[in-house]
Every structure is written in C-alpha cells, then in structure tokens.
Visitor: 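Dropping the structure in here first, questions after.
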Amino acid sequence: MRTSVRLFAVARQIAGCDRVELELPEHATIGDLRQQLGRDIPALSGLLGPMLFALDARYVNDASLVPPNAEIACIPPVSGG
Amino acid sequence: MRTSVRLFAVARQIAGCDRVELELPEHATIGDLRQQLGRDIPALSGLLGPMLFALDARYVNDASLVPPNAEIACIPPVSGG
Amino acid sequence: MMIELTHNPIDVARVLASAESRSAGAVVLFLGTTREESEGRRTASLDYECYPEMAESELSRLEKEARQRWSLIECSVVHRLGHLEIGEVSVAIAVSSAHRQPAFEAGQWIIDRIKHVVPIWKRENWADGESQWVHPGLETPPTTAGE
Amino acid sequence: MMIELTHNPIDVARVLASAESRSAGAVVLFLGTTREESEGRRTASLDYECYPEMAESELSRLEKEARQRWSLIECSVVHRLGHLEIGEVSVAIAVSSAHRQPAFEAGQWIIDRIKHVVPIWKRENWADGESQWVHPGLETPPTTAGE
C-alpha cells in the first residue's frame with residue numbers, strides 16, 4: 001500500500017521535501033515503515049533511530065500497524081520551549 | 001537604662017501604640033527585654049512566645065545583649081508575600 | 001535588579017522587564033495575589049504593613065543569597081504595602097537565568113523565605129466586618145475598623 | 001485557558017491576564033527566551049517550526065494532564081513559531097492556583113513536558129552564518145540559509 005509520511009526539521013532538510021510516499025506491504029508496522037524510510041532515503045537512515053512516529057497526530061510505537069489512509073508523521077527529537 | 005521598642009501589627013494593635021519605652025538593667029539581654037515587655041503590657045504577654053526581636057534591623061536571639069541607644073523591634077510572625 | 005516596597009499598585013510589566021536579558025533563556029515571574037477566600041472565610045480587602053528599614057534590607061539579603069545559591073542573571077522583588085483590594089498583586093518576583101531550573105528554584109525559594117523572614121504583615125478585612133492581623137501560629141484578636 | 005501557536009510576537013501581558021482570578025493566591029509565569037549564546041557559540045536568530053495539528057493537541061493534552069495532577073485555577077500556554085530574534089519570547093506559560101506550590105510545580109512540569117513531547121523544533125542560525133536544526137541526541141548537519 002502507498003503511504004505518505006510527513007517530514008519535519010532535519011528530516012525535511014535531508015530529504016529535501018516535506019512529505020515522502022512509501023510503498024509498504026499490507027499489515028506493515030511502524031517499524032517496517034521506519035526501515036522502508038531508511039531504504040528509500042539512505043541519507044536519513046543514520047538519523048532514524050531516535051525518531052518517533054505519529055499516526056493521526058498521536059505518538060505510536062514500532063509495533064503499531066500502519067492503517068491505510070492514515071496520516072503518518074516522522075517526529076525528530078523535539079526542541080521547542 | 002531606658003530602651004525604646006518598636007511594635008508592629010498585632011503587638012501595635014494590643015499596645016495601642018507603635019513604640020513602648022522600657023526600663024532595663026545594664027547588660028540586659030533580649031530575653032530580659034521580652035520579659036519586661038510582658039510585665040509592662042500584660043495583654044501582650046500571652047503572645048510574646050513566638051515573637052522575634054531585631055536590633056538595628058537584624059534578627060537577634062534572646063541571649064544577645066541590648067546595647068544602649070539601639071533600635072529594638074518586636075517582630076510578630078510575618079505574613080507578607 | 002529591583003528591590004522595592006511600594007504603596008502604589010505594582011507595575012508588573014516593569015518588574016518583568018527588569019529581568020529581561022539577551023543572555024537569559026528563562027524568566028520566571030511569581031505574583032502573589034489577594035484572594036477572595038481564605039480558609040473558607042470571605043475577605044473584603046487586605047492591609048499590609050512592614051518595618052520599612054528592615055523589610056527592605058531583608059529583601060536585599062534574600063536577593064544576594066539567591067545569587068549565591070543559583071546562577072542568576074537578574075532578580076527583582078517588589079512588595080506592595082497599604083490597602084489592597086481583592087485580585088491585586090501583593091508581591092512580584094522576577095528571576096532570569098540561562099536555563100530554566102535556577103529561575104524556578106530561586107523564585108520559589110525567594111517567596112518561601114519572604115514568608116518566613118521579611119517583616120511584613122497583612123491584616124485580613126473580612127467581608128463580615130471584622131479585621132484581623134495574620135500571624136502564623138498566633139491566635140489574634142479582631143481589631144475594629146481603621147485601627 | 002489559552003492554548004495557542006502563533007507566528008506573531010507573544011503578547012505576554014495577555015497570557016498573564018488570562019491566568020488572573022479573584023480566587024488565585026499565586027500566579028506563575030514562565031517565559032522561554034532566545035539566548036544570544038548556546039554552548040559557547042553565538043546565535044544570530046532562531047526559527048521554530050512545528051507539526052501544527054499535533055503540536056496544538058499535545059499542548060492541550062499537557063494542560064489537561066496538569067489540571068489532573070494539580071489543583072489549578074487557570075493554565076495557559078502560548079508557543080511562538082517562525083523567525084525569532086535574540087531576546088524574544090519563544091514560549092509563555094501562565095498558571096494560577098489558590099496557593100503557590102501547585103502553580104510552581106505545574107509551570108515547571110509543563111515546560112519540561114513541552115521539551116520532551118510537543119512536536120516543535122528550532123533551528124539555530126549561528127552568528128557565523130551556519131544554520132542547524134536542534135534535535136537533542138542527534139548530530140545534525142548544517143543547512144544553507146533559507147532552507
């Protein structure tokens with residue numbers, strides 16, 4: 001399935017765009033998505049370890065399933081405040 | 001020696017004045033002053049236990065000597081802030 | 001740095017501005033405000049008095065001690081005196097530091113110490129007409145108005 | 001209560017006013033401000049970006065959780081976005097409570113949590129011309145201006 005991932009801050013900088021489209025198998029997890037993202041954008045792979053992911057604006061862990069048509073966001077370590 | 005003590009808040013209210021003159025022996029301590037204050041203003045005696053005293057605007061304890069011509073103040077438990 | 005006792009309403013913006021700095025990453029402002037209710041009894045207004053010479057020197061000592069304990073950039077304390085209506089600011093403390101922890105800790109420490117050592121006293125003018133000096137640990141008799 | 005993300009300078013007086021209440025005895029205001037120096041390197045300016053939908057909902061969650069943890073009267077959080085010069089306010093948190101302890105604790109807790117969970121990121125624009133996204137725990141490459 002086709003999944004769109006929003007990118008922010010350093011991830012957006014490195015990818016050169018604020019959204020990337022990944023091809024994932026059915027029943028893929030966030031962990032699978034993390035790996036696919038590293039394969040599709042090799043420059044990102046070294047930075048993905050500490051990144052979190054959000055599904056419909058809520059944090060999820062690597063075991064969570066990626067539903068079709070969900071809004072997925074890649075969240076680098078935050079530095080607001 | 002003649003010693004003047006400044007009174008504030010409830011002590012001033014009860015004494016009815018903001019300053020009281022006490023007659024103390026030479027080499028009297030703050031502890032002596034505390035007792036004399038209670039004898040001179042009996043209505044105050046029940047409240048003096050938790051009161052502190054200041055000499056020239058610094059807290060002192062009951063063992064401190066009362067020097068001549070010092071500014072002594074009776075400091076009830078504070079409630080600023 | 002601003003250490004003041006004032007009979008006028010506290011200019012909170014001015015206290016806050018006194019703590020601003022290009023090297024500060026954090027500013028903590030504490031405001032003590034007069035509450036309508038105290039231990040279940042309604043307050044109409046409050047009066048604050050102090051031992052002026054000593055209150056100011058004790059506030060300065062607290063500012064100096066706070067600077068010894070924490071790495072602060074600015075530190076200001078302004079305490080109101082006289083008659084206050086409900087909702088007014090009785091004390092304003094503004095502290096700035098490079099990082100947030102010292103500013104929070106120093107602000108909290110200063111207001112705690114004010115409530116223990118600075119010779120300032122408040123009188124509650126209860127809504128039922130009685131007035132009473134507040135002295136923690138002492139049972140105080142009511143006063144008549146204006147005393 | 002005021003939970004906001006804004007590209008305009010934060011109106012600190014308005015945030016503070018939003019926390020005022022006749023039943024409050026304490027108001028704590030925290031300001032995060034942009035520092036001229038960070039770990040020994042000079043900063044010229046900063047840029048903040050966020051994941052808008054999630055940043056706002058995370059700030060709301062923090063406000064709700066703070067109210068569950070402490071007895072608060074008011075609680076407001078405003079975070080700035082976009083380009084900030086040195087000395088500007090990046091975040092303002094105002095908390096009021098009957099007594100001072102909850103306001104201090106909640107204020108401190110909210111800024112700590114913001115720095116851990118709210119998807120907002122800053123880019124340091126160093127005085128030497130380099131820019132760099134800040135991601136605690138990640139070594140980030142410099143960016144070229146305007147990227």
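Just the heavy atoms: all of them, side chains too, but no hydrogens, waters or symmetry mates, feed the values below. Below, read A as the first sequence line, B as the second, and so on, with proteins coming before strands; counting in each chain starts at 1.
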Visitor: Sort out for me which of C:Ser21, C:Gly25, C:Ser90 touches chain D most, counting heavy-atom pairs under 4.5 Å.
Guide: C:Gly25
Visitor: Taking CZ in D:Arg42 as the centre, count heavy atoms belonging to other residues, nucleotides or ligands within less than 6.0 Å. Is the count above 12?
Guide: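 Check fails, neighbour count at 12 or below.
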Visitor: Are there residues of residues 93-108 of chain D that reach to under 4.5 Å of chain C by heavy atoms, and which ones?
Guide: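 Expected list: D:Ala98, D:His99, D:Arg100, D:Gln101, D:Phe104, D:Gly107, D:Gln108.
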Visitor: Can you list everything that forms a salt bridge (charged side-chain N to carboxylate O under 4.0 Å, His left out) with D:Glu85? Sequence neighbours excluded, please.
Guide: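 In terms of salt bridge (charged side-chain N to carboxylate O under 4.0 Å, His left out), with neighbours along the sequence ignored, D:Glu85 is linked to no residue.
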Visitor: Count the heavy-atom pairs under 4.5 Å between each of C:Ala13, C:Ala19, C:Ala26, C:Gly87 and chain D, then report the option with the highest count.
Guide: C:Ala26
Visitor: Got more than 12 heavy atoms from elsewhere within 6.0 Å of CZ, D:Arg69?
Guide: yes
Visitor: Taking every heavy-atom pair that is under 4.5 Å apart, which of D:Glu88, D:Glu37, D:Lys115, D:Glu20 has the most such pairs with chain C?
Guide: D:Lys115
Visitor: Has D:His83 got more than 12 heavy atoms of other residues, nucleotides or ligands less than 6.0 Å from its NE2?
Guide: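 Yes, NE2 of D:His83 has more than 12 neighbouring heavy atoms, counting only those of other groups under 6.0 Å.
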Visitor: Among C:Thr34, C:Val91, C:Asp112, C:Leu16, single out the residue with the greatest number of heavy-atom pairs under 4.5 Å to chain D.
Guide: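 Option with the greatest count: C:Asp112.
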